[in-house]
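Here the structure comes first, spelled out in structure tokens, and everything after it is commentary.
One-based numbering, in listed order, for ligands and for the atoms of each. Values reported hereafter were calculated over all heavy atoms of this structure, with side chains retained and with hydrogens, waters and symmetry mates removed. In what follows, residues are counted from 1 in the order of the sequence shown.
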Amino acid sequence: MADPRTTLEPRFEAALRAALGDELAKTDPVIRRSDRADFQADVAMALAKKVGKPPRDVAKLIIDHLDVTGICDKVEIAGPGFINLTLSGDWLSRATTDAARDLHCGVSPSKAPETVVVDYSAPNVAKEMHVGHVRSTVIGDSLARVLEAVGNTVVRQNHVGDWGTPFGMLIEHLLDLGEEAALATSITDLDAFYKQARTKFDEDPAFAERSRQRVVQLQGGDEQTLVLWRRFTDASKRYFGAVYDRLGITLKDEHVRGESFYNPMLPDIVRELEKKGLTEVSDGAVCAFPDGFSNKEGARLPLIVRKQDGGYGYAATDLAALLSRTRDLGATRLLYVVGAPQQQHFAMVFAVAKAAGWLHEPARAEHVAFGSILGPDKKMFKTRAGGTVKLAELLDEAVQRAAAAVAEKNPDLDEATRAAVARKIGVGALKYADLSSDRVKDYIFDWDRMLAFEGNTAAYLQYVHARVRSIFRKAEAADVEAAKTADIVLREPAEHALALELLGLGGVVAAVAETLQPHRLCTYLFAVATRFNTFFDQCSVLKAEDVATRRSRLALADLTARVLARGLDLLGIEAPDRM
Ligand code: ARG
């Protein structure tokens with residue numbers, strides 16, 4: 001499907017070649033959407049210095065050589081040297097007709113697909129998933145979908161925290177309670193179980209000592225201990241799986257590759273680093289001191305790869321995971337969707353991995369950081385009692401609130417449909433609130449705003465999608481059928497504007513795959529929905545003056561619904577047909 005820019009770009013290349021020579025021909029014309037025309041090209045501004053002429057003169061030179069016959073109706077120089085481009089209605093009509101026949105709505109494979117690991121969600125065993133895990137799970141899942149849609153081989157990795165010292169106390173607490181009794185009750189509420197164990201650990205020195213012994217047994221591979229350990233990981237996996245299902249997250253059991261998986265690799269990791277001369281012993285711990293990391297006083301910062309007590313920690317595990325991703329999974333792009341506070345950890349892990357030769361061109365690693373979710377008071381989002389908000393409870397509340405909103409908006413829906421729709425709206429609201437703001441910034445959690453049917457919300461997009469679908473329920477069967485192959489002919493400005501927007505999906509999705517910023521897709525979908533509403537206000541669809549126009553507009557409406565549904569799907573959000 002033709003994003004107009006892919007047609008315009010080669011024309012600019014030819015013009016640049018003719019006007020300024022081969023050397024500058026490959027300059028990016030920087031064609032973007034514009035308020036005053038359909039597009040604007042900023043290339044003259046970028047080239048002015050190199051050419052040694054004022055930007056307006058450069059723009060003039062370019063357009064004198066620019067051949068866009070049949071594509072643009074108008075090419076003008078504006079302001080300090082922008083080149084404004086207005087598409088021809090015929091060209092846009094044809095491009096939109098082609099687009100309507102494309103099942104993928106313009107989302108097409110990238111020129112250089114690769115194997116991408118997306119490390120996301122990564123909750124900790126025997127702990128409740130809390131609101132902090134929401135962001136990683138929701139953002140990571142959307143990025144995985146987007147990267148896949150543009151043709152990459154995506155390997156999802158759920159780096160679950162399933163190893164380490166807490167398991168000593170958990171297992172001992174389990175044994176104290178009696179396995180049977182514990183399994184029947186406490187395991188279903190792992191969070192409470194964890195807290196009980198923690199309290200005992202802090203208050204009872206004998207228990208603490210037993211717990212430490214248990215950790216040694218676990219790490220030594222004691223079979224009986226491993227059996228008990230597996231009880232926790234299995235119960236947690238079941239729990240996480242249920243949450244993912246409710247949230248519509250594409251993570252499955254086979255994507256769980258917890259910290260424990262890398263445990264057998266850790267001695268080798270440290271040995272390799274030692275052999276390469278990348279380690280020093282500091283306070284009894286084996287540390288790497290990657291270049292460029294120091295504290296405020298200027299002292300070098302250590303990445304601890306083996307602790308003083310001989311155990312391995314989070315950093316060693318991440319080094320092993322990274323090596324396994326480049327070497328065993330063959331990934332060339334490694335994404336870590338983890339909160340901003342771990343920025344330094346990942347920067348250091350990547351630096352050490354590069355020094356060790358485990359991460360080199362074309363492979364690269366990126367920490368896909370994100371900000372925190374804040375409460376209405378702009379402090380960390382907490383329950384009213386000051387506790388951490390559990391994800392499962394958040395989900396319940398989202399669906400409840402959505403159900404109330406749906407009941408108000410559409411009292412005629414039968415109960416089963418209403419429940420299904422409420423789930424889609426509630427989950428959608430939760431996800432969209434997270435995805436639509438700039439990833440790296442904090443955002444304020446606000447039920448009313450995220451469930452509003454107006455503004456840049458999932459509910460609004462879902463509503464516009466359902467609105468389009470309802471047109472089709474009212475249309476004549478013959479028109480619905482004919483619309484599938486109808487020529488789209490754009491006459492009204494509102495049609496032109498909507499069509500132009502619809503052609504942008506492929507470009508936006510490619511940009512999200514590149515920049516890892518899902519909020520761009522949200523902004524785009526919001527623009528589509530808004531353009532559609534203007535179109536629908538200004539142009540009759542079912543009552544259009546003649547059959548051809550009616551069918552053309554139906555085809556345009558159908559493409560709108562598909563673009564919205566496809567875009568929402570890439571965000572992990574469902575688009576019900578009615579609501
Ligand atoms: N389990 C960790 C946490 O809850 C996140 C793990 C992120 N992934 C990684 N490869 N370190 O903080």
Inset, instruction - Spell out, as yes or no, whether a donor-acceptor pair under 3.5 Å connects the side chain of H159 to the backbone of E259. - result: no

Inset, instruction - Report the relative orientation of the aromatic rings in F167 and W229; use parallel for angles under 30°, tilted for 30 to 60°, perpendicular for over 60°. - result: perpendicular

Inset, instruction - Could you please spell out the steps behind the salt bridge (Lys or Arg N to Asp or Glu O under 4.0 Å) verdict for E272 and K275? - result: CA-CA 5 Å; E272 277 280 303; K275 220 166 66 197; 3.4 Å; yes

Legend entry - ring pair (Phe, Tyr, Trp, His ring centres under 6.0 Å) against Y312, all qualifying residues, sequence neighbours excluded: none

Legend entry - P341: partners by side-chain contact (heavy atoms from CB on, under 4.5 Å), with sequence neighbours left out: none

Inset, instruction - Under the side-chain contact (heavy atoms from CB on, under 4.5 Å) rule, collect the residues that match up with P109, sequence neighbours excluded. - result: none

Inset, instruction - Non-hydrogen atoms closer than 4.0 Å to ligand 1: which protein residues do they belong to? List them by chain and number, please. - result: D119, A122, N124, H133, H159, Y314, D318, Y336, V338, Q342, F346

